[in-house]
Amino acid sequence: MFSLQDQTILITGASAGIGAACARLLAQAGGRLILTARRTDRLEALAAELEQTPCHLLTLDVRDKAQVAEALGRLPAPWQTVDILINNAGLSRGMNKLQEGEVTDWDEMIDTNIKGLLYVTRAIVPGMVTRGRGHVVNLGSLAGHQTYPGGNVYCASKAAVRAISEGLKQDLLGTPIRVTSVDPGLVETDFSRVRFKGDEARAAKVYQGLTPLTAEDIAEVILYCVTRPAHMNINEILLMPTAQSGSTLVHRQY
Ligand code: 8X3
């Protein structure tokens, strides 16, 4: 039921967290993987771990429009027909009040979460349309549904991902290409470490007193979405830990 035998799957931000968990799980399901990230050494380690799985590694910064167009426009012949695109690369930086925000943090989030996702999608989806086959999975967030204090620009970037997923689905109407947005709440990955720029104690506090989702949980949901029959499109999945019921509603037990 969960077979992706010989399907070519491109994952952005594959070097860690949800991206790496997707790589591991989708490899088990039989996929062949194009793994992209900025950190080549991490991609190499992941590919070495997935030794039975055909992998093509691409060092790619999705923020770099020219690099994305060049690298994805010139994939080697056996890797040109991407069946599944997982737009996972994304990050959060800072949790300042908007009026005190760091403009460079905003740029990084908007350039990665919105513009990077658009560049990769623009490079890959036309081939899917031509071949009459494909599925785009965008990593959204609960933050795209509910803004929380200090979340401002990050939440806006994920609200944009939600609108882009909806718009892409509309624009692909009449084609067999599917579009899914997977929107998690609290998932324990490097997310908070990156947000708080290496402040480990502050990052750990985000997940204290509850059992957060894991990267593997999200990968399982994505595997489910991409293995539905061809007539079925899962447009959006919102998921969160049992101990969370909204962006600011978390039940912690100490
Ligand atoms: C991550 C979810 O609520 O920590 O996208 O911002 S949240």
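Counting from 1, the numbers follow the sequence of the chain as shown. The figures here come from the full heavy-atom set of this structure, side chains too, leaving out hydrogens, waters and symmetry mates. Both counts, for ligands and for their atoms, begin at 1 and track the order of listing.
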Would you tabulate the side-chain donor-acceptor contacts of residues 167-177 under 3.5 Å, counting partners in other chains and residues two or more places apart, or write 'none'?
residue : atom : partner : partner atom : Å
Thr175  : OG1  : Leu172  : O            : 2.7
Thr175  : OG1  : Ile177  : N            : 3.1

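For Glu49, the salt bridge (Lys or Arg N to Asp or Glu O under 4.0 Å) partners two or more places apart in sequence, or in a different chain, are Arg24.
The contact shell of ligand 1, taken as protein residues with any non-hydrogen atom closer than 4.0 angstrom, comprises Ser141, Ala143, Tyr148, Tyr154, Pro184, Gly185, Leu186, Phe191.
Applying the side-chain hydrogen bond (donor to acceptor under 3.5 Å, both in side chains) test to pairs two or more places apart or on separate chains, those with a residue in residues 236-254 are Arg162-Glu236.
Between Phe2 and Tyr224, the ring planes are perpendicular. Angles over 60° get that label, and only those under 30° would be called parallel.
Less than 6.0 angstrom separates the ring centroid of Phe191 from the ring centroid of Tyr154.
Interatomic distance, CG of Leu117 versus OG of Ser157, reported as 10.0 Å (0.5 Å rounding).
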